[in-house]
2 protein chains.
Amino acid sequence: MVTVTQRGCSSVSSSVPLAGHCAACGLRELCLVEGLSAAEIDRLAGMITNRRRLKRGEALFRAGDAFNAVYPVRLGFFKTCVSVQTGLEQVTGFPMPGDVLGFDAISTGAFQCDAIALQDSEVCVVPFERLETLSRQFDGLQHQLHRVLSREIVRDNRQMLLLGKMRAEQRVATFLLNLSKQFAQRGFSSREFVLRMTREEIGNYLGLKLETVSRAFSRLQADGVIAVDQKQLRIEDLERLSQIAGAGCPVH
Amino acid sequence: MVTVTQRGCSSVSSSVPLAGHCAACGLRELCLVEGLSAAEIDRLAGMITNRRRLKRGEALFRAGDAFNAVYPVRLGFFKTCVSVQTGLEQVTGFPMPGDVLGFDAISTGAFQCDAIALQDSEVCVVPFERLETLSRQFDGLQHQLHRVLSREIVRDNRQMLLLGKMRAEQRVATFLLNLSKQFAQRGFSSREFVLRMTREEIGNYLGLKLETVSRAFSRLQADGVIAVDQKQLRIEDLERLSQIAGAGCPVH
DNA sequence: CGTTTGTTTGAGTACGGTCAATGAATGTGG
DNA sequence: CCACATTCATTGACCGTACTCAAACAAACG
């Protein structure tokens, strides 16, 4: 895993001109690279001419911005949120390393949501036109692109089920389990991790108020299911957490 | 394997061997065909070797079914729903002519949701491997495919906002407005139309109980915003309906 | 014509939201 | 380094929206 040390500069985001090294990237299993041949990976990496670093709180893009590229997350943590004129705002996801940001923009050529860094982060800049060109030449890349797009649709559908049908505690339990699985996929501890987002952001994502999230955490802790200390979270009883979540896996 | 349950209809679906005539299809503006050159349309149409007709209540596919093709709707009305083992079920959409069914299946090679015909319907069968092959040759088709996929992501994000943030009456008003716009796009009346789905299916889609949907309808009718008689619906005051859908009670 | 399915409406309830107060953590500038 | 401000989190009391349960009715269907 590549670690990027941030100097204590208070500047805004910097563009990092640097050829992508997808073959060496620890996120191969998740990003656009999954399942590609060595030759395909080389060509994809050659296309990534720069990366972008963001400070906490900074926007990678905002709804309405012109669409040129998609952004695989290399490092850090984001939130994406859609909103309507009236001020309603919905957090639609918490992208983490390996996830790709920006696919919502293909349909209209402008981003449809905001993407905000929840901590200092780094993304690859993948010019979308060149990605389309390359995926016309390599069917492996083409199919992987389709799979990543499809995966996002499936994830959204599951979130709709959570928002439409689950009760508060069940939503929170499902959220923690999903986080846990995602950390496991990325080689981090699935049992203990840091919640990069606030209670309010969690609540927004889950269709709950922050107080309800806090109460759910307290209750789960009182029952010995989790141990939570501010943003630090440990799963004490995975079995029971899964029960509460309702074995929230899709049926086949 | 999943069994296909049929509700109250005796005949199964029929396959209709027939070359697609995309150029002549009234849904050109919506389907995969949008923005393609005549040559591209011809090639796409040549790939569609058959269609499929479904009776009301019949499943086009079920979660777990093997994925081979995507299905542009030619005629009729569908619902798609995801579920979990515990029995929770969420309606994720009501695809209508011009919409394309099945993109959720690309990610795993198996469908992730059920697609049920709400009335006698007809779809084109587009073998997905051939669609990928063709979209490697025609960048117009490739880009349109990406746009359709992206559009589904955007729509899902908006539905997450509805489910996470809106109040009951606001959800119902938004639902009716969306339907109205979709009918308009397809050349039907945007002011008066038939609700092809039951109150329960609407409620499921909107994260509400059927009684709540019914009450919302009654209230909107009492206020002179809509006129509803069973499945027949007429929008009486579009301005006010938009207000209710958009200008919900300011949360903050 | 009877049965099933779908819709409307009412009464009571519960879950999560609202409001409010307190405290902890983080960050800033003197 | 500390004082202060700000953000974030927890907890309690109360309230309101949407759910639950129930009954009556309408429509669709065999």
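Just so you know, these numbers use all the heavy atoms, side chains as well, and skip hydrogens, waters and symmetry mates. Lettering follows sequence order; numbering is per chain, from 1.
- The side chain of B/E211 sits closest to D/dA22 out of D/dA9, D/dC29, D/dA22.
- Distances were taken from every side-chain heavy atom of B/S218 (C-beta onward) to each of C/dG27, D/dA27, C/dT9; the shortest belongs to C/dT9.
- Rounded to whole Å, the distance from CZ on A/R171 to C1' on C/dG16 is 9 Å.
- The side chain of A/T212 approaches C/dG17 more closely than any other nucleotide in the set C/dG17, D/dC29, C/dC19.
- Taking atom CG of A/L220 as the reference point, atom C1' of D/dA9 lies 16 Å away to the nearest angstrom.
- Annotation for B/R186: atom CZ counts as buried by contact number, over 12 foreign heavy atoms lying within 6.0 Å.
- Results of the ring pair (Phe, Tyr, Trp, His ring centres under 6.0 Å) test with A/F61 over A/F67, A/F103, A/F111 single out A/F111 as the only residue that passes.
- Side-chain proximity of B/L210 to C/dT8, D/dC29, C/dG16: nearest is C/dT8.
- Checked against C/dT7, D/dT10, C/dG17, the side chain of A/L208 finds its nearest nucleotide in C/dG17.
- Distance, A/M197 CE to D/dT7 C1': 17 Å, rounded to whole Å.
- Between B/F94 and B/F77, the ring planes are tilted. Angles from 30° to 60° get that label.
- The listed nucleotides are D/dT17, D/dA27, D/dT20; the one nearest the side chain of B/R167 is D/dT17.
- Heavy-atom distances to DNA chain C give each of A/D229 and A/A168 a nearest nucleotide, and the one nearer the 5′ end belongs to A/A168.
- Nearest nucleotide to the A/S214 side chain, out of D/dA9, D/dA18, C/dG6: D/dA9.
- Counted by atom type alone, A/K165 and B/N204 present one or more donor-acceptor pairs between their side chains at under 3.5 Å.
- A salt bridge does not link A/R56 with A/D120: every distance from a Lys NZ or Arg NE/NH1/NH2 to an Asp or Glu carboxylate oxygen is 4.0 Å or more.
- The base of D/dT17 does not come close enough to the side chain of B/R219 for any donor and acceptor atom to sit less than 3.5 Å apart.
- The distance between atom CD of A/E200 and atom C1' of D/dT6, rounded to the nearest whole Å, is 14 Å.
- Summarising the geometry, the separation between NZ on A/K209 and C1' on D/dT17 is reported as 14 Å, rounded to the nearest angstrom.
- The base of C/dC15 lies outside donor-acceptor range of the side chain of A/E169, with no N or O pair under 3.5 Å.
- Between B/Q232 atom CD and D/dA27 atom P there is a gap of 13 Å when expressed in whole angstrom units.
- Checked for salt-bridge contact, B/R234 and B/E236 meet the test: a charged N lies under 4.0 Å from a carboxylate O.
- Listed nucleotides: C/dT8, D/dC8, C/dG10. Nearest to the side chain of B/R215: C/dG10.
- For the OP1/OP2 pair of D/dA9 and a distance below 4.0 Å, the side-chain nitrogens and oxygens of A/R199 include at least one atom meeting the criterion.
- Taking side-chain N and O atoms only, B/K231 has a distance below 4.0 Å to OP1 or OP2 of C/dT7.
- Among the protein residues, A/G203 comes within range of no part of the nucleic acid, since none of its heavy atoms lies under 4.0 Å from any strand.
- Rounded to whole Å, the distance from CD on B/Q170 to C1' on D/dA18 is 15 Å.
- Computed from coordinates, the B/Q221 CD to C/dT9 P distance equals 8 Å when rounded to whole Å.
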